[in-house]
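Right, one structure below, let's go through it.
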Amino acid sequence: MRLSRSLVPTLKQTPAEAQISSHRLMLRAGLVRQTASGIYAWLPLGLRVLNAISAIVRAEQNAAGAQEMLMPTLQTADLWRESGRYDAYGPEMLRIRDRHERDLVYGPTNEEMITDLARQSIQSYRELPQTLYHIQWKFRDEMRPRFGVMRGREFLMKDAYSFDLDYAGAVNSYRRMMLAYMRIFQRLGIRAIPMLADTGPIGGDLSHEFIILAPTGESQVFYDAALEQLDYLRSSYAYDSPADLANFHDLINTYYAATEEKHDQARWATVAQASRREGRGIEVGQIFYFGQKYSKPMGFSVAGPGGRPIVPEMGSYGIGVSRLVGAIIEASHDDAGIIWPESVAPFRAALLNLRAGDAACDAVCEDVYGRHPGAMLLDDRDERAGAKFADADLLGLPWQIIVGPRGAAAGRVEVKRRATGERAELSVHDALAKVF
RNA sequence: CGGGGCGUAGCUCAGCCUGGUAGAGCACCUGCUUUGGGAGCAGGGGGCCGGAGGUUCGAAUCCUCUCGCCCCGACCA
C-alpha cells in the first residue's frame, strides 16, 4: 500500500477524549475514528488488524473442529421472550421496533438464535456433537463506554456454540475450546491467562475468562507466573482425544489464577513468592458451559438411540476481536507508538523513502516494494525524513526498511526492527532476506 | 443511573468573568530555500463559536432549554 494514496490520518497531537494509551495510539495512528459514543469506524489500517486477528481466530476455530457460519445482527424479540432474557437482559440490550411495530433487538449475543437454528435443523443424536461459530458485530448499550474500542458499545466478537448429548461431551467441547483459545492468544502474541469466572447473564456453572495484564485493566487479578510459560502451539494435545483435553485442563488447573471476586488468600499463599503475578487485567475472552439453560426452555431436543428425546447440553465461547486490538496495543507499545506482534501487524514492513523524488531512492524503493507489495506500506509521501521516522514508529509495523540518499546510490538500505530498535545497513537482497 | 467537566478551524487550545468587526500553534494550499529523527521564510484558504429560544442598539461572551462528548463511581465480551 502506498501511503501517499491511502487514508492513514496520523495525528501529531493527542485528541482530548483519549485517556489510555491504546485509545490514544489507535487515534494517532489513524486506525479508527469515533462516530458516536462507544461506536467506531475502522479505517484501512485498523481494519487490516481486525482482519488479521479474525484470520487467526478463524484458523484455530476451524482446526478445533468448529464450523463457521454467519448470523444476523438483528434478532426478533420473540426468541428472547422464549428464553426469558427479553426482560432479564435489561437496558444493555438495544431494542428496536420496525415499521410493522415488531420488536427486534440488536444482538448482544446469540445463544437464542443458534438454539433456534439448531432446533429447526438438528433432529437426531447422530448429528451431535456440533460446534458452530461466527464473527459478527454485537451491540451492548453500555452505561458508560470508555477506553476506546476496549469498552465500546458496538464491537466485533467471535462467538461459538457447542451442542453435545451429555455432560461429559459438553465438558469435552468446553476443554477443546479452551485449548483453541490458548493457541489463539499465543499466536496473537499475547499471554492471556485463563481464570475461573462467574457466569453472569449467560448463565451456567462452569466458566473461564481469559485475561491479560495491563495497567488500565478493569479488575485485579492474581496468577502463577508458570501460566505465562506454557507453550500450547508446540504441545501435542489432540483435539479429538478426550484424554488429551482432560490432561490439558488438569495442567491449567494445576496453577493458581483468579480474579478478585474469586480470589482465595489461602491458596495464593501457597504460590511461591517469585511466581506470584498480580495486577490489573483486561478480559479478552470468556467461555461458558451452561447445560440445558437454552435448549430446555426453547424446546430443542433430538431423538436418542431408543427414540426418546435428548435435550442437548450447550456451551458458548466468546472472543472480543475488536477489543483485542486495543488490548494488544495496551500490552505492546512504547513512547513512540505501537509495536505490533508480527502475526497481527497491518503490514509486515514500512518502506521509507527518505527522499521521494531522488532518482536513486525512488528506484530502490520501487524495486523493493515490487517484490512484496501486499506486505509493505510504502511511505512515498513528500515529507521530511523526520516525519516519516516518527510516523513509522507510531504505526508500529514490525520492520522498517529505510531508503535514504546515503545508501541508495550504492544499493544499500537500513533495516530497523521496531520492537528492539536494532538497525543494520544491508544490501537490498540481504535486507529482504532478513525481513521476509 | 448518580456526581463532575467540556463543546470556538482538521488537531491542541486561548478569548467568555467585565457583551462591541473570531484568534494562536500545529495541520492544509502556493512559491523559494532546505532534506537521515515531526525544517525555514513569504504568501494564502478555512468558522452559523454544538443547536434553539430569550435579554440587549449589539451575544462566542449574559439567561433558559436542548443535543453531543469526556471523566469519576455502580455495571460490563
Side-chain angles (χ1 to χ4, degrees), chain A residues 7 9-20 23-24 27-28 30 33-39 57 89-93 107-111 135-160 181 192 197-202 207-211 217-219 259 261 282-288 316-327 335-337 352-358 361 379 381-394 400 402-408 412-414 416 421 423 425:
Chain A
L7 183 65
T10 57
L11 301 173
K12 216 190 277 192
Q13 280 165 309
T14 303
E17 74 263 22
Q19 300 297 314
I20 66 168
H23 190 195
R24 282 200 293 265
L27 292 169
R28 287 194 52 215
R33 286 293 183 265
Q34 182 174 140
T35 64
S37 180
I39 301 179
V57 169
Y89 213 97
E92 233 182 53
M93 184 157 68
T109 179
N110 286 60
E111 280 82 7
I135 300 175
Q136 176 65 291
W137 293 94
K138 304 292 188 291
F139 194 92
R140 293 185 191 173
D141 202 356
E142 293 285 344
M143 234 176 290
R144 187 180 160 212
R146 61 185 127 167
F147 304 147
V149 301
M150 299 246 289
R151 175 94 55 85
R153 293 193 292 170
E154 187 184 55
F155 56 97
L156 188 62
M157 178 165 121
K158 186 286 301 180
D159 41 324
Y181 273 37
D198 284 323
T199 51
I202 307 282
S207 177
H208 282 84
E209 26 187 32
F210 300 82
I211 289 182
E218 297 151 28
S219 59
T259 60
E261 299 85 43
I282 300 172
E283 181 186 336
V284 292
Q286 186 164 8
I287 60 179
F288 305 86
S316 73
Y317 315 89
I319 289 183
V321 175
S322 50
R323 170 179 282 190
L324 272 165
V325 179
D335 290 344
L352 309 194
N353 187 343
L354 292 192
R355 200 177 297 176
D358 176 87
C361 287
D379 191 346
R381 296 173 304 169
D382 182 22
E383 286 289 343
R384 297 172 62 82
K388 296 192 177 191
F389 285 129
D391 272 345
D393 286 347
L394 174 62
Q400 294 171 16
I402 300 161
V403 180
R406 273 193 334 223
R412 297 185 72 77
V413 300
E414 189 173 302
K416 174 179 161 185
R423 303 152 174 273
E425 192 180 312

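Below, chain A is the first sequence line, B the second, and so on; all start at residue 1. Being a predicted model, the structure only gives us computed values, none of them experimental.
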Nearest whole angstrom, please: distance from the [atom2] of [N] to the [atom1] of [X].
X      : N     : atom1 : atom2 : answer
A:R151 : B:C70 : CZ    : P     : 13 Å
A:E414 : B:G37 : CD    : C1'   : 11 Å
A:Q400 : B:G36 : CD    : P     : 16 Å

Sequence-aligned protein contact record of nucleotides 24-35 of chain B, with B where the base is within under 4.0 Å of a protein heavy atom and S where only the sugar-phosphate is = -BSSS-----BS
Do the side chain of [X] and the main chain of [Y] share a donor and acceptor less than 3.5 angstrom apart?
X      : Y      : result
A:R33  : A:L27  : yes
A:R423 : A:E414 : no
A:R24  : A:Q19  : yes

Per [X] side chain, nearest of listed nucleotides [options]:
X      : options             : result
A:R144 : B:A74, B:G37, B:G38 : B:A74
A:E17  : B:C70, B:G38, B:G37 : B:C70
A:E142 : B:C75, B:G38, B:U12 : B:C75

Identify all pairs in which a protein N or O lies below 3.5 Å from an N or O of nucleotides 41-43 of chain B, and state each distance.
none

Please check the phosphate of B:C70 (OP1 and OP2 only) for any side-chain N or O of A:S37 closer than 4.0 Å.
-> yes
Donor-acceptor pair under 3.5 Å, A:R140 side chain vs B:C76 base | no
